[in-house]
Q: 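Here it is: the structure, laid out below.
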There are 2 protein chains.
Amino acid sequence: MALERTAIVVAALDLLDQTGLEGLTMRKLAEALNVQAPSLYWHFPGKPALLDAMANALLEDVARTPVDGAEHQVVLRRSAAELRRALQARRDGAKVYAGTFVMGENVLRLAETIIGALMRSGMSARTSMRAGFTLLYYVLGFVIEEQAWQRQVGADPANLAAQLAQWGGRFPAIEAALSHFSDADQDDRFNHGVDLILNGLGQHGPSERERMEALFRALKSGR
Amino acid sequence: MALERTAIVVAALDLLDQTGLEGLTMRKLAEALNVQAPSLYWHFPGKPALLDAMANALLEDVARTPVDGAEHQVVLRRSAAELRRALQARRDGAKVYAGTFVMGENVLRLAETIIGALMRSGMSARTSMRAGFTLLYYVLGFVIEEQAWQRQVGADPANLAAQLAQWGGRFPAIEAALSHFSDADQDDRFNHGVDLILNGLGQHGPSERERMEALFRALKSGR
DNA sequence: ACCTGAACACCGTTCAAGT
DNA sequence: ACCTGAACACCGTTCAAGT
């Protein structure tokens, strides 16, 4: 029953928040569902399959807003922010997602939204895909490090400067930069990276030939 | 003894190649070292500490080439390629790295190389850090997905088109783009993303004010 | 300083059996 | 169709004891 599968995934995500990825076990999950551990194996072939379903479920609310005729920059910025938010919403969310490779509905919808917006702006399918994935990789990497930072430094902030000081001036650029690495700054940092990628896109944008092809396609489809 | 610690990490990385991250256990590692499992706890406080050491060891050969006066684009391109290669060198390398947050020597040297090159080009410490991390996040995200792809699709290539076909035309942009997603193309895809980020940097580059400040600093230090 | 034996409190998964 | 009991082959980690 589809309802039961969904309920298991929901319970698994709640358990994830409580225990972290390390503490997420089939036995504890079964207990949370008032069931014996082997029952889960009727619904999922194994733990990896459950983690795949969890990864896809993380993106449930991503890329739901209609794009309409929005500029590709707007679509990409919003998509990036939504993906970050979705991965951040659960403890170890980025690590769960990073451990899987799912062609699930939510993942595909997100990719379709981004790549589609780029293609509609006149870029070729090839360039759109590459640019879109560049953005997605950036977001994934960002949140992975963001959550690792929260786990490690969030638990013991004083330790950070001490660890760096241990190398005694061997890394001056980092020391100069680290003062700009504050917790309050995370959103700005994230947006700056997104802007950097969008900015790179501007130059690389549709070539003369790609513009002509896009125009031709539009005319042919009668719009 | 530092020698023993290093030997453990080397053995752990070799075991990782054989078993993957899932199969990497303290007991198997101890066996590979002809020792009982509890012995490892004299050298490392626990498995997470071992994984931290492994993550840092992955970057052993990264950012070793002297930068000299190289342009920042050259430094960044090389650093990105070296990081990708290092994470790719071991099975599940990116996942091991993504699970940790280590202020280790190798990680710091890589960050110093990138951020230092950007600062020397005239960018502020703040902008250099943000741009540098954008590149690093991209590389990390790229290799995570690259290795996930190798695990999943590499094992069963025929399955891919079938999985996508299942959604029957709901994701046309992806279908159009997927033909450009070949195994042979991975290096090109990677470089394209790096170029995109470098390209975005060009516009964002040193402002007039930042150029003046850099010039002033250079003059003051007598160069 | 470095390692072992024995034990504790867990794991994921299988499978026959129940309803 | 869905769940349980019992078991198998493992885990990470602790700790007293050895050398």
Side-chain angles (χ1 to χ4, degrees), chain A residues 1-57 91-92 95-96 98-102 148 151-152 155, chain B residues 1-57 91-92 95-96 98-102 148 151-152 155:
Chain A
M1 198 193 300
L3 208 142
E4 182 67 21
R5 245 185 91 98
T6 302
I8 293 176
V9 172
V10 168
L13 288 172
D14 287 345
L15 184 58
L16 178 69
D17 271 338
Q18 294 167 31
T19 64
L21 180 54
E22 213 66 3
L24 178 74
T25 72
M26 299 301 269
R27 293 171 122 105
K28 284 191 213 144
L29 175 56
E31 195 187 358
L33 290 160
N34 288 315
V35 112
Q36 301 302 313
S39 305
L40 298 171
Y41 288 80
W42 192 90
H43 300 276
F44 294 92
K47 196 179 182 182
L50 175 66
L51 286 165
D52 284 355
M54 290 171 67
N56 187 59
R91 165 126 83 122
D92 293 340
K95 244 162 75 176
V96 169
T100 67
F101 188 87
V102 190
R151 275 196 304 270
Q152 184 111 350
Chain B
M1 196 193 301
L3 209 142
E4 184 67 21
R5 245 185 89 99
T6 301
I8 293 175
V9 172
V10 168
L13 289 173
D14 286 345
L15 184 58
L16 179 68
D17 270 339
Q18 294 166 31
T19 64
L21 181 53
E22 212 66 3
L24 178 75
T25 72
M26 301 299 271
R27 294 173 122 106
K28 283 191 213 147
L29 176 57
E31 196 187 357
L33 289 160
N34 288 315
V35 111
Q36 301 301 314
S39 306
L40 298 171
Y41 289 80
W42 192 89
H43 301 276
F44 293 92
K47 196 180 183 183
L50 175 65
L51 286 165
D52 284 353
M54 290 171 67
N56 188 58
R91 167 127 79 124
D92 292 339
K95 243 161 75 175
V96 169
T100 67
F101 189 87
V102 190
R151 275 196 304 270
Q152 184 111 348

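Keep in mind the model is a prediction, meaning the values are calculated, not measured. Chain A is the first sequence line, chain B the second, and so forth, proteins listed ahead of strands; every chain is numbered from 1. Heavy-atom basis, side chains included; hydrogens, waters and symmetry copies ignored.
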Q: Measure the shortest side-chain to side-chain distance between A:Asp52 and A:Asn56 over non-hydrogen atoms and say whether it is less than 4.5 angstrom.
A: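 No, too far: nothing below the 4.5 Å cut-off.
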Q: Would you kindly give the CG-to-C1' distance between A:Asn34 and D:dT4, to the nearest whole Å?
A: 14 Å
Q: Using whole Å, what does the distance between atom P of nucleotide C:dC2 and atom NE2 of B:His43 come to?
A: 7 Å
Q: Separation of B:Tyr41 atom OH from D:dA17 atom P, in whole Å?
A: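 It is 22 Å, rounded to the nearest whole Å.
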Q: From D:dA7, D:dC2, C:dC2, pick the nucleotide closest to the side chain of A:Trp42?
A: D:dC2
Q: Would you mind telling me which residue lines up with the more 5' stretch of DNA chain C, A:Gly23 or A:Pro45, judged by nearest nucleotide?
A: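 Its nearest nucleotide lies further toward 5', so the answer is A:Gly23.
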Q: Using a cut-off of 4.0 Å on non-hydrogen atoms, how would the nucleic acid contact of B:Ser39 be classed: base, sugar-phosphate, or nothing?
A: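 Base contact.
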Q: Taking the side chain as everything from C-beta on, heavy atoms only, tell me whether A:Asp92 gets closer than 4.5 Å to A:Leu24.
A: no
Q: Could you tell me how far apart B:Leu40 (CG) and D:dT14 (C1') are, to the nearest whole angstrom?
A: 14 Å
Q: Measuring only between side-chain heavy atoms, which start at C-beta, is B:Leu29 closer than 4.5 Å to B:Leu40?
A: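 Yes - at least one pair of side-chain heavy atoms lies under 4.5 Å apart.
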Q: Atom CE of A:Met26 and atom C1' of D:dA9: how far apart are they, to the nearest Å?
A: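 A:Met26 atom CE is separated from D:dA9 atom C1' by 17 Å.
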Q: Send over the distance from B:Arg5 CZ to C:dA1 C1', rounded to a whole Å.
A: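 Rounded to whole Å, this separation is 16 Å.
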Q: Can you see which heavy atom on B:Phe44 is nearest to which on B:Ala53, and at what distance?
A: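 Where B:Phe44 meets B:Ala53 most closely, the heavy atoms are CE2-CB, 3.8 Å.
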Q: From the options D:dT13, C:dT13, D:dT4, select the nucleotide whose nearest atom is closest to the side chain of B:Lys47.
A: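 Of the candidates, D:dT13 comes closest.
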Q: Using atom CD of B:Gln36 as one end and atom P of C:dC3 as the other, report the distance to the nearest whole Å.
A: 11 Å
Q: Keeping B:Lys47 on the side-chain end and B:Met26 on the backbone end, is there a donor-acceptor pair under 3.5 Å?
A: no
Q: Taking a pair as Watson-Crick or G-U wobble with both distances under 3.5 Å, which nucleotide is matched to C:dT13?
A: D:dA7
Q: Which nucleotide in the set C:dG12, C:dA6, C:dT14 lies at the smallest distance from any side-chain heavy atom of B:Pro38?
A: C:dA6
Q: With a 3.5 Å limit on both atom pairs, tell me what C:dA1 is paired to, counting Watson-Crick and G-U wobble, or say none.
A: D:dT19
Q: What's the CG-C1' distance between B:Leu29 and D:dT13, to the nearest Å?
A: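 Between C1' of D:dT13 and CG of B:Leu29: 15 Å.
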Q: Which one, D:dT13, C:dT14, C:dT4, comes nearest to the side chain of B:Arg27?
A: D:dT13
